[in-house]
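Please read the structure below before turning to the comments.
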Amino acid sequence: MNPEMNPNTPVCQSCGMPLQSPDQIGKHADGTPHPDYCIYCCPEGEERMTGTLQEMIDFCAPLEVKLGLFPDEAAARAALGAYLPTLKRWRSQG
């Protein structure tokens, strides 16, 4: 969720992480690259992904503060709560 990121850089459709190198790309169950997701969210196929949108926000908010993207967790949670539901994985839950 870096506002300074190139808008053409693909992002994980689960957590929003920029996918800037091949080693960051997730995997289908058969081990082939899954370009919609990062390796952290989708290491073994989309059907094996677990967790809720709220759990993703809870996990990502402190990381985004640590990375300096937001001044505090409340700001990160608000931004994630607005952004993550726009991503492929969460759209059907909105």
Side-chain angles (χ1 to χ4, degrees):
M1 268 189 63
N2 185 347
E4 298 171 11
M5 184 177 72
N6 178 339
N8 296 320
T9 300
V11 297
C12 174
Q13 293 297 302
S14 178
C15 70
M17 181 179 113
L19 302 173
Q20 299 174 318
S21 66
D23 63 325
Q24 295 174 323
I25 304 292
K27 306 278 186 216
H28 286 284
D30 66 3
T32 59
H34 195 317
D36 287 343
Y37 299 106
C38 74
I39 193 67
Y40 305 110
C41 291
C42 191
E44 300 175 322
E46 202 170 349
E47 61 281 347
R48 298 199 57 178
M49 293 169 67
T50 61
T52 65
L53 174 59
Q54 187 58 53
E55 288 170 335
M56 184 63 73
I57 292 169
D58 292 344
F59 180 78
C60 291
L63 295 174
E64 296 213 349
V65 172
K66 186 176 181 178
L67 291 170
L69 299 175
F70 294 96
D72 56 51
E73 241 184 86
R77 286 178 182 281
L80 288 163
Y83 176 66
L84 292 182
T86 70
L87 300 176
K88 179 181 173 181
R89 180 175 180 196
W90 309 114
R91 273 188 225 134
S92 64
Q93 296 182 17

Are Ser14 and Trp90 close enough that some pair of their side-chain heavy atoms sits under 4.5 Å apart?
yes
Can you name the closest pair of heavy atoms from Met49 and Cys41 and give their distance?
CG-O, 3.2 Å
Considering non-hydrogen atoms only, spot the tightest contact between Cys15 and Leu84 and give its length.
O-CD2, 3.5 Å
Nearest heavy-atom pair of Pro33 and Ile25: which atoms, and what distance?
CB-CG2, 4.0 Å
For Ala29 and Glu47, which heavy atoms make the closest approach, and how far apart are they?
CB-OE2, 3.0 Å
Please find the pair of heavy atoms, one from Cys42 and one from Tyr37, that lie closest to each other, and give the distance.
CB-CB, 3.4 Å
Distance col, row Glu55:CD vs Thr50:OG1, nearest 0.5 angstrom, shows 7.5 Å
State, yes or no, whether a side-chain contact exists between Arg77 and Gln54 at a heavy-atom distance under 4.5 Å.
yes
I need the Asp58 CG to Glu73 CD distance, nearest 0.5 Å.
8.5 Å
Determine whether Tyr83 and Val11 satisfy the following criterion, side chain to side chain contact (heavy atoms under 4.5 Å, CB included), listing intermediate values before the conclusion.
CA-CA 12 Å; Tyr83 176 66; Val11 297; 3.5 Å; yes
Shortest non-hydrogen contact between Leu53 and Pro85, atoms and distance:
CD2-CG, 3.8 Å
Going from NZ on Lys27 to CG on Asp30, what distance comes out if it is rounded to the nearest 0.5 angstrom?
10.0 Å
Should Cys60 and Met17 count as side-chain neighbours, where that means a heavy-atom distance under 4.5 Å?
no
CD-CD1 distance between Gln24 and Ile39, expressed to the nearest 0.5 angstrom
10.0 Å
Using 0.5 Å steps for rounding, measure from the NE2 atom of His34 to the NE2 atom of His28.
4.5 Å
Pairwise distance OG1(Thr86) to CZ(Arg91) - rounded to 0.5 angstrom:
7.0 Å
Less than 4.5 Å apart, side chain to side chain, heavy atoms only: is that true for Leu19 and Pro35?
no
